[in-house]
Amino acid sequence: MSNTPAKPDPIAQMEKIVSLCKRRGFIYQSSEIYGGCGGVWDYGPLGAELKRNLRDAWWRAMTRDREDVVGLDACILMNPAIWKASGHVDTFADMMRECTLTNKRVRADHVEPQSGTVMQFSGVKSPSGWSINRQITVLMKQGEHIESFRKRVRAMLAMTGGPAAGKPEELELLDEQKIDVVNGSVDFHPESGGALGESRPFNLMLRTYLGPTATEADVTYLRPETAQAIFAQFKNVYESSRVKVPFGICQIGKAFRNEVTPKNFTFRSREFEQMELEYFIKPDEAVEIISGEVAQWTEGADLSEPKANWGWDMWHRYWVDQRTKFYQSIGLGDVLEYYWQTPADLAHYARACVDILCEFPFGTEELEGIAARGEFDLGSHQKHSGKSQEVFDEELKLAAAKLTDEQKEALIQKRLAAENAKTKGEPMPEADVRAWFDRLFKGNYVPHVIEPSAGLDRMALAVIAKAYEEFTKTDEKGKSETITVLRFHPRVAPIKCGVFPLLKNKPELVAKAREVYNLLKPHFNCFYDETASIGRRYARQDEVGTPFGVTIDFETLGEKGPELQDTVTVRERDTNAQHRIKVSELLGWLQARL
RNA sequence: GCGGGUAUAGCUUAGUGGUAAAGCUCCAGCCUUCCAAGCUGGCUAUGUGGGUUCGAUUCCCACUACCCGCUCCA
């Protein structure tokens, strides 16, 4: 047997994975018999099992195994006011204009005025045969040399055209014309100079009507993320669950976005499933009052157990660590990468955000984002709903009561200095800061939040892509064939164990095999198969990632003596190793390895 | 959305302006004492809608979906 590594060609690799997913019932195109439906995918029998295993693993790790996190299962439809408060109505429904040259989009109300000469071409042609036959209008910026302008236009067109367009220097710009000279025009892309198209809305949220009359007054949205329901129900959960800050609320559910370009199989879909935790913590000032200090992160700090003196930074790193451990537990440990967003990347309300990325055939892409969002979300809902989202913290009140006025003022001054040092967003006015401290000293605050937010469909795709392996097997006669194996971690494998009678036409073997199958079936997903040769049945299970196979043979029936009676062959997917196990010990043996 | 490409069976591919081919898979039967064995038989396809034509899977147009690039961030 010779092993050859999988072909490095990423496109071919993805095509193989897509094909396998369909062939073996993991993932199908939605609405296929009607020609499909853009950007949505269905999970077949094995995909559904895989996804459920991942979902269950997440739920267990995030809530059942912990004392400080509770679950929530909120509706997809909510009062549209939630999406105003969250900012989604604004950021997801901007009027956008698209650059006709590079197709880059800018917000219609944010175009910087440009000055220069308006140039026009009737099209572009490449020796490769590629061409564009529409009018191309580009602004030659003030002071730009005509030759460097042409070079720039060719480069952008080559970029837009992709490989088909060929080398930029070989592109021929047709019928160059000077059209006009403009001053302070907002009709050209600030970077490319390309003419901007019509202003039109980009509604990234899926609109729907709640109520049968379907008037404009009934408009709401399918949620673009699950998190907002957690914030909106924060007070209910807090008051009904006997939880105290720090604690978390987690939720798994569908979310919807009108992605401009769904792509990379299920990676960017319009309907997808999110697994989100909102972990509520005390503001650093409260931690400082109670503990006298806020623990500072240092490389290698112990993150295994939360400490009372942790501020948002430590909590944030704690959750990155927790999530990393989770990915290790489902077999993705060695394909992860981390991207710490720079201050420039961060949204104005975010303090830090780490992307957990994973290697896919099409590149290294985000699986999960872990953001430290301060009090932005609950604060925003408090403001928009007019309902207090504060909690009362007895310990804080008692600790604050022991502070001297000077100590209190020092805390306020520290915060004011921090506000003034902000590079993004408006600093909070001093009066508001003082009002906030007044509430804080009485034990009241709006909790801050750490948000680990993962995509379940992405996770499933990552697990499949990671598990996918093919190699060439050559038998004694020199005949070779390509073998495909999904090396799923046993925890996530859709089928845990195959059960096979060695031969189909021996009723005793079949009967015994059915018996073993019925023994295992109540405990985990098993698959019984008596057709074809035993080797083929092993191969079939390898291809869907079943970690174990149990074969009932003549020794099971006692043919080779009583010591082997009622023992079966357990075959391991990854090593082909075979173990002789007593039927009475089989369930325990397997369970210890799942 | 813009540009490029693709669309034939469950999968991978062939082919033709005149009855659509193969391999694998799958199903049934026989056979088979551990890694896709063999034999026999069987099911299943030209993405959708128009047009040209006596006749279109083939030529033309439109649509849809998918893939690649621009974009993106669960």
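Protein chains get the first letters and strands the later ones, always in sequence-line order, with residue 1 at the start of each.
Rounded to whole Å, atom P of B:C24 lies 19 Å from atom CG of A:L20. Atom CZ of A:F265 and atom C1' of B:U6 are 17 Å apart (whole Å). Rounded to whole Å, atom P of B:C35 lies 13 Å from atom CD of A:E481. At whole-Å resolution of the value, CD1 in A:I17 and C1' in B:C11 are 15 Å apart. In this structure, A:Q274 places its CD atom 7 Å from P of B:A74, rounding to the nearest Å. Rounded to whole Å, atom C1' of B:C68 lies 6 Å from atom CD1 of A:I11. One can place CD of A:E32 at 16 Å from P of B:A7, the figure rounded to the nearest angstrom. Note: CD (A:E451) to P (B:C73) measures 14 Å, nearest angstrom.
Contact annotation for A:E276: no contact, since no heavy-atom pair falls under 4.0 Å across all strands. In this structure, A:R268 reaches the bases: a heavy-atom distance under 4.0 Å links it to at least one base atom across the strands shown. Residue contacts shown for A:S269 include a base, since a base heavy atom lies under 4.0 Å away. The residue A:E259 sits close to a base: some heavy atom pair falls under 4.0 Å. Across all strands shown, A:E559 has heavy atoms under 4.0 Å from base atoms, whether or not it also approaches the sugar-phosphate. Within the 4.0 angstrom heavy-atom criterion, only backbone atoms of the sugar-phosphate kind lie near A:G39; the bases stay farther away. Within 4.0 Å of A:F267, counting heavy atoms only, lies at least one base atom of the nucleic acid.
Judged by distance alone, with hydrogens and angles left aside, A:T261 brings a side-chain donor or acceptor within reach of the base of B:U71, the pair sitting under 3.5 Å. One N or O donor and one acceptor, one from the side chain of A:T569 and one from the base of B:C34, sit under 3.5 Å apart. A donor-acceptor contact under 3.5 Å is formed by the side chain of A:R571 with the base of B:C35. Side-chain N/O atoms of A:E365 and base N/O atoms of B:A74 include no donor-acceptor pair closer than 3.5 Å.
Taking the C1' atoms as reference points, B:A14 lies 10 Å from B:A20, given to the whole Å. Rounded to whole Å, the separation between the C1' atoms of B:U16 and B:U46 comes to 12 Å. Rounded to whole Å, the C1' atom of B:U25 lies 11 Å from the corresponding atom of B:A36. B:A37 and B:U44 have their C1' atoms separated by 26 Å, with the value rounded to a whole Å. Across the P atoms, B:G69 and B:G55 are found 44 Å apart, a figure rounded to whole Å. Between B:C61 and B:U13, the distance separating the two P atoms is 26 Å to the nearest Å. Comparing the C1' positions of B:G51 and B:C68 gives an interatomic distance of 31 Å, to the nearest angstrom. A distance of about 13 Å separates the P atoms of B:G5 and B:C60, rounded to the whole Å.
For A:R257 and B:A74, the shortest distance from a side-chain N or O to OP1 or OP2 is below 4.0 Å. One finds no side-chain N or O of A:K263 lying less than 4.0 angstrom from the OP1 or OP2 phosphate oxygen of B:C67. Phosphate proximity of B:A36 to A:K473: present, with a side-chain N or O under 4.0 Å from OP1 or OP2. Taking only side-chain nitrogens and oxygens, A:N264 comes nearer than 4.0 Å to OP1 or OP2 of B:C68.
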Next item on the list: Take A:T569 and A:Q578 through the test side-chain hydrogen bond (donor to acceptor under 3.5 Å, both in side chains) and record every step on the way to the result.
Entry: CA-CA 6 Å; A:T569 301; A:Q578 302 203 344; 4.5 Å; no
Margin query: One pair to check against side-chain hydrogen bond (donor to acceptor under 3.5 Å, both in side chains): A:E530 and A:Y528. What are the steps and the verdict?
Written below: CA-CA 7 Å; A:E530 60 180 27; A:Y528 175 82; 2.7 Å; yes
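Taking the ring centroids of A:Y279 and A:W319, they lie under the 6.0 Å cut-off.
Counting only heavy atoms from C-beta outward, the side chains of A:K512 and A:D566 approach each other to under 4.5 Å. With a 4.5 Å cut-off on side-chain heavy atoms, A:P262 and A:S269 do not count as touching. Annotation: side chain of A:E481 is not in contact with side chain of A:T472 (no heavy-atom distance under 4.5 Å).
Checked against B:C73, B:C66, B:C11, the side chain of A:S19 finds its nearest nucleotide in B:C11. Distance from the side chain of A:Y538 is smallest to B:C35 among B:C66, B:C35, B:A37.
Residue order along RNA chain B, read from the 5' end via each residue's closest nucleotide, puts A:T482 first among A:F362 and A:T482.
Just one of A:H88, A:M205, A:E225, A:R223 meets the side-chain contact (heavy atoms from CB on, under 4.5 Å) condition when paired with A:R257; it is A:E225.
Note on residues 363-372 of chain A: pairs passing salt bridge (charged side-chain N to carboxylate O under 4.0 Å, His left out), not counting sequence neighbours, are A:R323-A:E368.
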Between the protein and nucleotides 26-31 of chain B, which nitrogen or oxygen pairs come in under 3.5 angstrom?
from: B:C26; atom 1: OP1; to: A:R540; atom 2: NE; distance (Å): 2.5
from: B:C26; atom 1: OP1; to: A:R540; atom 2: NH2; distance (Å): 3.0
from: B:C26; atom 1: OP2; to: A:R536; atom 2: NH1; distance (Å): 3.4

